[in-house]
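Every heavy atom of this structure was used, including side-chain atoms; hydrogens, water molecules and symmetry mates were not. Counting convention: from 1, in listed order, for ligands and their atoms alike.
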Amino acid sequence: MKLSVVILAAGQGTRMKSDRPKVLHPLLGKPLVAYAVETARALTAAPPVLVVGHGADAVRQAVGDSARFVVQEEQRGTGHAVLKARDLLREEADLVLVTYGDMPLLTEATLRRLVERQRENSGPLTLLTLTDENPRGFGRIIRGADGGVRAIVEEAVATPEQLAIRELNAGVYCFDAGWLWEHVDAIPLSLPKEEYYLTDLVGMAVAEGRRVEAVVAADRTEALGINTRVHLAEAAAVLRRRINERWMLAGVTLVDPATTYIEPTVTIGRDTTIWPNTHLRGATVIGTWCDIGPNTVIVDCEIGNRCRVTASVLEQAVMEDESDIGPFGHLRKGARLGRGAHMGNFGEMKNSTLGPGAKMGHFSYLGDAEVGARANIGAGTITCNYDGVRKHKTVIGEGAFIGSDTMLIAPVRVGAGAKTGAGAVVTHDIPAGAVAYGVPARVKPSDEEE
Ligand code: UD1
Ligand code: MG
């Protein structure tokens with residue numbers, strides 16, 4: 001049986017108090033709606049249909065072609081929103097799953113259970129429920145003597161007995177497609193909000209003598225919908241805990257999971273240890289047996305095996321096996337530490353490579369530079385790569401020894417095995433094996449050598 005997914009995301013999200021559409025608020029680096037779209041894509045090949053309204057253009061742009069879109073100009077209720085998808089989906093599938101764009105914690109496994117139950121259900125729909133002592137304004141589930149669902153009662157119109165019910169409507173449903181498309185435009189208008197409630201389909205099915213099934217979510221946090229920034233932080237905490245547990249069970253030591261922030265897009269090798277207050281973000285990949293942190297931010301980086309990163313910030317950089325950085329290092333876009341390379345305190349690199357085994361121990365800046373294997377960059381060395389208009393390249397050969405406080409005025413080349421004296425300002429290329437010193441640096445004649 002073929003499945004289509006409809007994701008409702010037209011609401012304004014007034015309670016976020018934001019100029020940004022609610023479903024575009026980021027949760028661990030991804031917009032809320034991306035979670036719903038990704039889960040939908042895992043369930044069925046057909047891209048989900050996103051019902052958009054408030055901030056439609058921005059949502060469309062953020063989601064791109066991983067979904068199809070229909071616009072609900074006026075938000076006249078969840079039933080009205082689903083109706084908007086009818087033209088697009090009427091002929092597509094036998095089952096329709098309806099979820100929300102603001103429920104990022106729903107898991108693929110739970111939605112699969114819901115769809116499976118509806119496949120077996122002789123009736124027209126199955127809904128997802130949860131039991132929770134805190135009803136959060138959710139609709140209450142009324143069950144009949146046979147265990148089937150009789151109705152969903154919205155909080156605003158519930159009697160005191162109904163309000164005491166702790167089985168709640170998550171707002172996620174799997175429908176028989178033919179039945180849904182036939183009935184969705186027959187939902188009566190509900191007062192006083194003058195909305196068409198999708199929940200009324202339950203009563204309509206029951207009135208026809210049909211069976212409505214419910215699947216109870218194993219974990220109530222799955223139905224945590226985001227309405228306020230408080231909810232956003234709660235959802236982030238749940239998601240972080242899930243991610244952290246997954247990595248610990250996969251063999252990664254998190255010294256303090258409560259202060260470890262790993263985005264869902266990150267991967268980490270086993271026997272790596274993550275120290276407290278570390279943020280691993282974006283497309284970051286970390287190898288095995290590394291020590292990362294404490295107090296570290298890594299965004300979109302590739303880190304090999306047996307590397308160490310202490311109290312540093314790394315962005316779009318690469319660290320090869322056994323290299324190390326920190327404390328207080330900064331790798332910017334295009335920085336690369338070769339195998340076993342060492343970068344100590346207060347270093348910064350941008351668009352530069354430190355070759356295998358090269359060392360840059362203290363207070364240095366490398367921009368647009370290529371440093372050969374085993375070279376030593378003395379304390380305070382700076383590549384002066386910018387002339388105010390353009391950026392220029394510095395090349396330092398293998399085994400070169402750059403004296404403390406050397407200024408390398410790019411473009412410039414220092415040959416393999418060459419040396420510079422402390423405080424040299426290098427304006428011209430230095431041949432391999434030569435020694436240059438002074439301001440501006442002059443190459444020492446070879447007969448002066450001992
Ligand atoms: C709905 C359910 C309630 C359930 C709760 C769970 C109804 C009538 N009630 O209530 O039983 O417990 O969800 O969260 O369905 N939306 C649109 N267009 C609209 C209206 C809503 O796209 O015209 C979207 C919203 O963006 C949101 C979702 O549908 O993502 C839910 O709408 P909302 O108005 O928040 O419904 P609730 O009152 O929370
Ligand atoms: Mg809501």
Side-chain angles (χ1 to χ4, degrees), residues 5-16 18 20-25 31-33 35-37 40 48-56 58-59 67 69-86 97-106 125 127-132 134-142 149 151-158 162-163 165-173 175 180 184 187-204 212 214 216-217 220-228 231-232 234-235:
V5 182
V6 178
I7 301 170
L8 306 189
Q12 183 167 19
T14 323
R15 285 176 286 164
M16 296 297 281
S18 178
R20 193 202 295 260
K22 175 164 81 174
V23 293
L24 293 187
H25 276 260
L32 287 178
V33 69
Y35 290 87
V37 170
V49 173
L50 212 54
V51 182
V52 291
H54 280 278
V59 176
F69 301 89
V70 293
V71 180
Q72 186 194 22
E73 301 283 358
E74 249 187 296
Q75 279 74 62
R76 306 191 61 197
T78 42
H80 180 254
V82 171
L83 177 60
K84 293 285 165 190
R86 183 166 71 175
L97 178 70
V98 177
T99 72
Y100 294 164
D102 60 3
M103 275 194 182
L105 300 177
L106 270 177
L125 75 140
L127 48 107
L128 183 69
T129 70
L130 63 148
T131 50
D132 197 340
N134 173 10
R136 305 171 64 107
F138 281 20
R140 308 299 203 272
I141 303 293
I142 315 293
V149 176
I152 299 171
V153 182
E154 291 304 305
E155 187 169 272
V157 296
Q162 288 168 338
L163 284 177
I165 294 171
R166 287 296 172 266
E167 187 177 11
L168 312 170
N169 177 30
V172 177
Y173 318 83
F175 293 95
L180 172 66
V184 72
I187 295 173
L189 189 67
S190 281
L191 301 169
K193 284 170 81 186
E194 302 209 344
E195 288 193 357
Y196 298 92
Y197 290 156
L198 195 61
T199 44
D200 283 347
L201 288 173
V202 172
M204 289 160 71
V212 177
V216 185
R220 62 182 181 78
T221 60
E222 285 201 43
L224 218 158
I226 313 295
N227 293 318
T228 66
H231 299 155
L232 188 62
E234 283 171 13

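The closest approach between T199 and ligand 1 falls below 4.0 Å for a heavy atom of the residue. At least one heavy atom of A9 sits closer than 4.0 Å to an atom of ligand 1.
Applying the 4.0 Å criterion to heavy atoms of A81 picks out, from ligand 1, the atoms 17 (C), 18 (N), 22 (O). Every atom of ligand 1 is numbered from 1 in the order shown, and the set under 4.0 Å from a heavy atom of G11 is 22 (O), 25 (C), 26 (O). Remark: ligand 1 atoms within the under-4.0 Å shell around heavy atoms of D102 are 27 (C), 30 (O). The A170 neighbourhood of ligand 1 comprises atoms 6 (C), 14 (O), with distances under 4.0 Å to a heavy atom of that residue. Residue M103 has at least one heavy-atom neighbour below 4.0 Å for each of these atoms of ligand 1: 14 (O). Atoms of ligand 1 lying under 4.0 Å from at least one heavy atom of G139, given by number and element, are 3 (C), 4 (C), 11 (O), 12 (O). Close contacts between ligand 1 and L8 involve ligand atoms 22 (O), 24 (C), 29 (O), 30 (O) [criterion: under 4.0 Å to a heavy atom].
Nearest heavy-atom pair, V49 versus A85, reported as atom, atom and distance to 0.1 Å: CG1-CB, 4.0 Å.
Around the CZ atom of R220, the shell of radius 6.0 Å holds no more than 12 heavy atoms that belong to other residues, nucleotides or ligands.
Once rounded to the nearest 0.5 Å, the distance linking CD1 of I7 with CE of M103 reads 12.5 Å. Rounded to the nearest 0.5 Å, atoms CD1 (I152) and CD1 (I165) are 11.5 Å apart. Expressed to the nearest 0.5 Å, how far NE2 of H80 lies from CD of E195 amounts to 10.0 Å.
Of the N or O atoms in L198, none lie within a sub-3.5 Å distance of an N or O in ligand 1. The N/O atoms of I152, backbone and side chain alike, include none that comes under 3.5 Å of an N/O atom in ligand 1. Considering backbone and side-chain atoms alike, N227 places every N or O at 3.5 Å or more from each N or O of ligand 1.
Only the side chain of Q72 comes within contact range of ligand 1, with a heavy atom under 4.0 Å; no backbone atom does.
In this structure, T129 contributes its side chain and E167 its backbone to no donor-acceptor pair below 3.5 Å. K22 contributes a side-chain N or O that, together with a main-chain N or O of I226, makes up a donor-acceptor pair within less than 3.5 Å. Side chain of R140 to main chain of L163: a donor-acceptor pair is present (N/O by atom type, distance under 3.5 Å, no hydrogens or angles).
H54 and Q75 form a side-chain donor-acceptor contact under 3.5 Å, judged by distance and modelled atom types alone.
Closest heavy-atom approach to atom 13 (O) of ligand 1 within the set Y173, Y197, Y100, F138: this belongs to Y100. Among R136, R76, E154, the residue whose heavy atom sits closest to atom 11 (O) of ligand 1 is E154.
Side-chain contact between Y173 and T199: present, with at least one pair of heavy atoms (C-beta onward) separated by less than 4.5 Å.
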